[in-house]
Amino acid sequence: MGAVRNGLVAVNDFFSTRPGRIGFFFVLALITLFLPVFFQAAGNVFMVRIFALVGIYVLLALGLNIVVGYAGLLNLGYIAFYAVGAYAGMNLGFLMQELLVGLGFLGERPENWSYWVLLPFAAVPGVLAGIMIGAPVLRLRGDYLAIVTLGFGEIVRIAITNDIAGITNGASGLPGVGQSVAPVAGQMWVRENLSFGNFLFSKDLYWYYIIVALVLFAIFVITRLDNSRLGRAWVAMREDEVAASSVGVNILTTKLWAFALGAAWGGIAGHTYAYWVGFISPESFNFMESVLVVCMVVLGGMGSIPGTILGAVIITAAPEIIRVAATSPVFAGFLTPEQAALVGDYRFLIFGGLMVVMMALRPQGILPSKRRARELHPIDDTILAQENQQLWEAEHKHESDSDLL
Amino acid sequence: MLNVKDLHTFYGKIEALKGISVEVNEGEIVTLIGANGAGKSTTLKTVSGQIAPRNGSIEFLGQQIAGMPSHQVTAKRVIQVPEGRRIFAQMTVRENLEMGAFLRTDKEEIAADLERVLELFPRLSERLAQKGGTLSGGEQQMLAIARGMMARPQLLMLDEPSMGLAPVIVEVIFETIKKLNKDGTTILLVEQNAAMALQVAHRGYVLETGSVALQGTGQELLRNERVRKTYLGEL
């Protein structure tokens, strides 16, 4: 144990230095940008898809992190915003396409601009849904809020499944019969111009880079938020609502902002997912998805951007890798093909166990924010000893001062 | 400055305030004393907007503030230092003080006020980088008052500032209250420690089961037979 701990400390020290950090980020950037290209070149499109999927979940986890990590409001129906974004994006896209064809703007080969045109507004449906669910339940806290948001998530899923608004095509999903999502503009261009030899600049690779760009944009915006007045209001509210309102924080709007800004990223992720995969159905938005996104935030570290990203990477990529590993020749001796195929289904069991272990050993997450770590894990011996020392000194200071009074 | 008239506040069906009228003039220290459940804190919470009154009026500088949410009352620079201190335990002392100036945007003035409150509570300046939760009870109370002062209150409302503190510290706190008042802050003080409160207060109100039983200057009330028996523990 000691050796492991010392090793970790050494690694940590190295990354705390400036060259260490720069080196780390450089390697990270190289992996992020070029590893998918390598997989694509090797003909492993499956891995490229997983990279893109991880990106989508990173976006979702970053959004939920605003609500759970910053504002301290547990939202168990977050995936509903993802669904709203996806369905709104696709339906508006169909509408746009019809309009353009009707007006005769499209030639023989329709290029689909809907994704790009709608992207700046992709957050809108999410935000509206966020305000809709947020406004009536803002007076609730903790468990009650969690239950209401859970209910909201289910309402949205069931409404979609039953095609309540007449635009979701129920359980069979979108696009329905007679509708189609044409390849998004740009996708064909990169395929024709950036492919060479055996290397094909595939649709999945194209979308991967879009998603990476969106994630970078999200990191930028959320970092700014964290350091803003609103960010401080969230911290204050999370610690003590009465005290926060007594210094002038408007609790209702502060919570509403958290809901709306969190939902915005859900909407953007949904919109992007819909155009990338080209098909959406209610199954993609079930309760387990919400739970998984919460797990990502909790596992990585609430309130921490690097933590949230790491959590999303682990939870999205792990089951896929386990599935691939199980069917690989290495395990062929232990597992029959049928058993190997089932391993993926055990992922929730593994996550459940992982969560229990986490909560017992490291409730603040793998890469927590400093503040959150203090809130969630004060039972650190060194911190505790330090606090006791300070308390002792503080108390005894009064005694020595009292002579002067 | 503050004019509370015939205030009725309910907790569900229980009528906690049964028509309370209290007045605070500019420059005064006014105290509300009384036993547990008399409605002292409820009055303060109603004024600060934490609870909405059912009936009655709360006028501050001629404006009606009854039923206004807390943050709007704070924006009028009617600042409440809540009962039990409620400092932000995980924020540092400095962050706590900065939160006190949350609604202000005048950076230079905020910095000047920070200097001022640290002068008032030198002990806090030694602990600027320390988390609020690691302070002792007395220091936390100082921090709570200092945080309130960072908003530049026109009216500072203190809810039981002596609660749970050693007598020495209580004296320090009351000295500070007097000093703040001398420097121009109007103060509404809710206290269980009637003797201390009446000594520093210009005027006082004695509350009993949701109504004002007695009122007068601090000295008058200190001499009052009934007050002496009931609240000062004299036989």
Side-chain angles (χ1 to χ4, degrees), chain A residues 72 138-139 227-255 302-303 364 368-378 380 383-405, chain B residues 45 48-50 69-92 95-105 122-123 126-127 130-140 144 147-148 150-151 157 159 165-172 175:
Chain A
L138 284 176
R139 279 165 220 283
N227 298 325
S228 70
R229 255 172 81 77
L230 189 57
R232 275 185 297 144
W234 282 332
V235 176
M237 182 177 80
R238 200 172 67 208
E239 279 204 27
D240 189 330
E241 283 191 14
V242 173
S245 69
S246 87
V247 299
V249 173
N250 184 340
I251 298 292
L252 292 186
T253 51
T254 305
K255 280 188 182 174
M302 281 186 264
Q364 70 272 43
S369 77
K370 277 194 185 131
R371 194 184 296 285
R372 266 297 199 171
R374 287 192 305 214
E375 282 171 32
L376 290 169
H377 208 190
D380 183 310
I383 295 178
L384 206 65
Q386 210 178 334
E387 277 175 17
N388 284 337
Q389 170 77 15
Q390 283 164 349
L391 273 173
W392 189 87
E393 279 170 11
E395 294 298 341
H396 287 257
K397 194 129 200 335
H398 296 318
E399 283 169 20
S400 55
D401 280 5
S402 62
D403 302 334
L404 303 170
L405 293 166
Chain B
K45 283 181 184 159
S48 74
Q50 273 180 53
S70 295
H71 63 98
Q72 281 179 25
V73 176
T74 302
K76 299 216 172 291
R77 302 205 349 245
V78 175
I79 308 299
Q80 189 206 11
V81 177
E83 186 179 349
R85 316 191 256 275
R86 307 200 96 135
I87 51 152
F88 299 112
Q90 303 299 335
M91 290 191 193
T92 64
E95 286 170 325
N96 264 281
L97 293 173
E98 284 167 355
M99 276 314 291
F102 183 75
L103 291 178
R104 294 171 57 184
T105 47
R123 201 170 284 169
E126 295 162 22
R127 310 196 182 288
Q130 207 168 306
K131 299 193 265 175
T134 64
L135 301 182
S136 71
E139 286 167 341
Q140 290 192 3
R147 186 180 67 190
M150 287 302 291
M157 304 194 293
D159 200 348
L165 300 182
V168 229
I169 310 299
V170 174
E171 265 178 57
V172 177
E175 282 307 312

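Residue numbering restarts at 1 for every chain, and letters A, B, ... go by the order of the sequence lines.
The structure places CG of B/L103 at 6.5 Å from CZ of A/R229, a figure rounded to the nearest 0.5 Å. A/T254 OG1 to B/H71 NE2: the interatomic distance, rounded to the nearest 0.5 Å, is 8.0 Å.
In this structure, the side chain of B/Q90 does not engage the main chain of A/E239 through any donor-acceptor pair within 3.5 Å. A donor-acceptor contact shorter than 3.5 Å is absent between the side chain of B/Q50 and the backbone of A/V242.
Residue A/S246 comes nearest to B/R147 through the heavy atom pair OG-NH2, 4.3 Å, listed as atom of the first residue, atom of the second, then distance. Residues B/F102 and A/A233 share a closest heavy-atom pair of CZ-CB, 3.7 Å. B/M91 approaches A/R232 most closely through the heavy-atom pair CE-O, 4.4 Å.
The part of B/P82 that comes within reach of chain A is its side chain, from C-beta onward, which places non-hydrogen atoms under 4.5 angstrom from that chain.
The choice from A/A244, A/G248, A/S245 that makes the most heavy-atom pairs within less than 4.5 Å of chain B is A/G248. Among B/S70, B/G49, B/A144, B/P69, the residue making the largest number of heavy-atom pairs under 4.5 Å with chain A is B/S70.
Across B/E98, B/Q80, B/M99, a single residue satisfies side chain to side chain contact (heavy atoms under 4.5 Å, CB included) together with A/V247, and that is B/M99.
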